Each structure stands twice: as C-alpha cells, then as structure tokens.
Amino acid sequence: QVQLVESGGGLVQAGGSLRLSCATSGLTFGSYVMGWFRQAPGKEREFVARIRWNTGWTHYTDSVNGRFTISRDNAKNTVMLQMNSLKPEDTAVYYCAGGLSYTSRPRDYTYWGQGTQVTVSS
C-alpha cells in the first residue's frame, strides 16, 4: 500500500521560509515522478514542482522558480520542498503526489498525500 505523508506546513510572514517534507512508503521509485501541488480556497489545484526520482530532473511553475527547490533523499524515501521568499499568494494547502508521467497535470499523478496548510501573512 502506497502512502504519502506531508509535514512542515505552518504560518510564516512574507519573506520567510518553510521546508515541506513528504515521507513515502510502498513506492518502488525507479522512474517515478514526485510532484508538489497546491490548492488555495476557491481555486483549482495547481502544479508547483516535480522531480524524477532516478534522474533528479526538476521543473517548476514560473511563479515559484528561483524561490522554491524540490529535492529527494534516497535513504529516507522523502521528497522535500524548500520554500524561500514566501509571498501571501503562496498561501494554500500543499500536496505531495506520485506518478509515472513527467507532467504538470494533477490527473497524471496516481498517489496523493493528505496535504499540509501553508499560510503566509503580509
């Protein structure tokens, strides 16, 4: 059984930093792609960043490029999202997801965590 569990969310002032973690179990990583998505109230879930586990390739949405960094820890089967220079518009529930396609579409990801709230105050 695959499980993804996010942690690290919280309340931070604009300009601050947070580090999200996604602990995984049951995945045979290989060519899996791990992604971070977010969903703000009243908005659709949107892509934030992804990483292909075996190559380390990464891709970011334009609004976070240069501020966020996705990485993985092979020994701990964990995916991280380092978020710097946070803005109020980054406020959302952040989800970790796993799939086999290197895409930005939520529907291409099979496994999802329960989400962690990130709130950035101005």
Side-chain angles (χ1 to χ4, degrees):
Q1 182 180 0
V2 175
Q3 284 191 314
L4 307 179
V5 180
E6 303 97 334
S7 62
L11 173 64
V12 64
Q13 289 188 332
S17 298
L18 282 175
R19 183 178 178 88
L20 305 183
S21 293
C22 174
T24 74
S25 61
L27 278 178
T28 303
F29 287 109
S31 60
Y32 260 94
V33 178
M34 301 302 297
W36 284 98
F37 293 79
R38 65 187 180 187
Q39 189 166 17
K43 295 188 176 181
E44 292 187 353
R45 191 166 299 189
E46 65 171 355
F47 166 77
V48 175
R50 65 177 182 259
I51 184 167
R52 185 178 286 281
W53 197 274
N54 56 357
T55 63
W57 295 344
T58 60
H59 183 73
Y60 301 88
T61 192
D62 287 347
S63 63
V64 308
N65 203 13
R67 299 188 297 123
F68 291 10
T69 302
I70 188 171
S71 61
R72 83 263 198 244
D73 184 324
N74 291 337
K76 296 182 179 179
N77 292 341
T78 300
V79 180
M80 288 75 71
L81 185 69
Q82 177 67 42
M83 305 186 295
N84 299 328
S85 302
L86 282 161
K87 304 176 181 179
E89 52 263 43
D90 294 318
T91 295
V93 177
Y94 283 70
Y95 297 90
C96 174
L100 292 174
S101 298
Y102 192 66
T103 77
S104 302
R105 295 186 296 260
R107 67 175 183 266
D108 290 331
Y109 288 76
T110 305
Y111 304 106
W112 291 85
Q114 81 290 348
T116 185
Q117 176 70 47
V118 171
T119 303
V120 184
S121 63
S122 57

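These figures come from a predicted structure and were not determined experimentally.
For the residue pair Trp112 and Thr110, the shortest heavy atom distance occurs at CD1-O, 4.0 Å. Considering every non-hydrogen atom in both Phe47 and His59, the closest pair reads CZ-O, 3.5 Å. Considering all non-hydrogen atoms of both residues, Gln117 and Thr91 come closest at NE2-CG2, 4.0 Å. Closest of all the heavy-atom pairs between Tyr109 and Gly99 is CD2-N, 3.7 Å. Here the shortest heavy-atom pairing between Gly26 and Val2 reads O-CG2, 3.5 Å.
Side-chain contact check for Asp90 versus Phe68: some heavy-atom pair is nearer than 4.5 Å. Using a 4.5 Å heavy-atom cutoff, the side chains of Val120 and Glu89 are not in contact. In this structure, Trp53 and Asn74 have side chains that are in contact, with non-hydrogen atoms separated by less than 4.5 Å. Taking 4.5 Å as the limit, every side-chain heavy atom of Met83 sits out of range of all side-chain heavy atoms of Trp36. Glu6 is listed as a side-chain neighbour of Gln114, based on a closest heavy-atom distance under 4.5 Å. When side chains are defined from C-beta on, Val33 does not count as touching Thr103, because their heavy atoms never get closer than 4.5 Å.
In the hydrophobic clustering of this structure, Tyr111 groups with Leu100; members are Ile, Leu, Val, Met, Phe, Trp, Tyr whose side-chain heavy atoms approach within less than 4.5 Å, directly or through other members. No continuous path of hydrophobic side-chain contacts links Ile70 to Met80 [ILVMFWY only; heavy atoms under 4.5 Å].
In this structure, the separation between OG1 on Thr58 and CZ on Arg52 is 12.0 Å, given to the nearest 0.5 Å. Expressed to the nearest 0.5 Å, how far CG of Leu81 lies from CZ of Arg38 amounts to 9.5 Å. Rounded to the nearest 0.5 Å, atoms CE (Met34) and OG (Ser71) are 12.0 Å apart. In this structure, Arg50 CZ and Trp57 CH2 are separated by 11.0 Å, a value rounded to the nearest 0.5 Å. Once rounded to the nearest 0.5 Å, the distance linking OH of Tyr94 with CD of Gln39 reads 12.0 Å. Taking CZ of Arg107 as the reference point, atom CZ of Arg45 lies at 14.5 Å (rounded to 0.5 Å).
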Quick one: do Tyr32 and Arg72 satisfy side chain to side chain contact (heavy atoms under 4.5 Å, CB included)? Show the steps, please. CA-CA 12 Å; Tyr32 260 94; Arg72 83 263 198 244; over 6 Å; no
Let me see the working for Leu4 and Leu27 under side chain to side chain contact (heavy atoms under 4.5 Å, CB included), right down to the final yes or no. CA-CA 9 Å; Leu4 307 179; Leu27 278 178; 4.1 Å; yes
Pair Tyr60, Arg67 - check side chain to side chain contact (heavy atoms under 4.5 Å, CB included), show working. CA-CA 10 Å; Tyr60 301 88; Arg67 299 188 297 123; over 6 Å; no
For residues 10-23, tabulate all N or O donor-acceptor pairs below 3.5 Å that involve a side-chain atom, not counting sequence neighbours.
unit_1	atom_1	unit_2	atom_2	d
Ser17	OG	Asn84	OD1	2.9
Arg19	NH1	Gln82	OE1	3.3

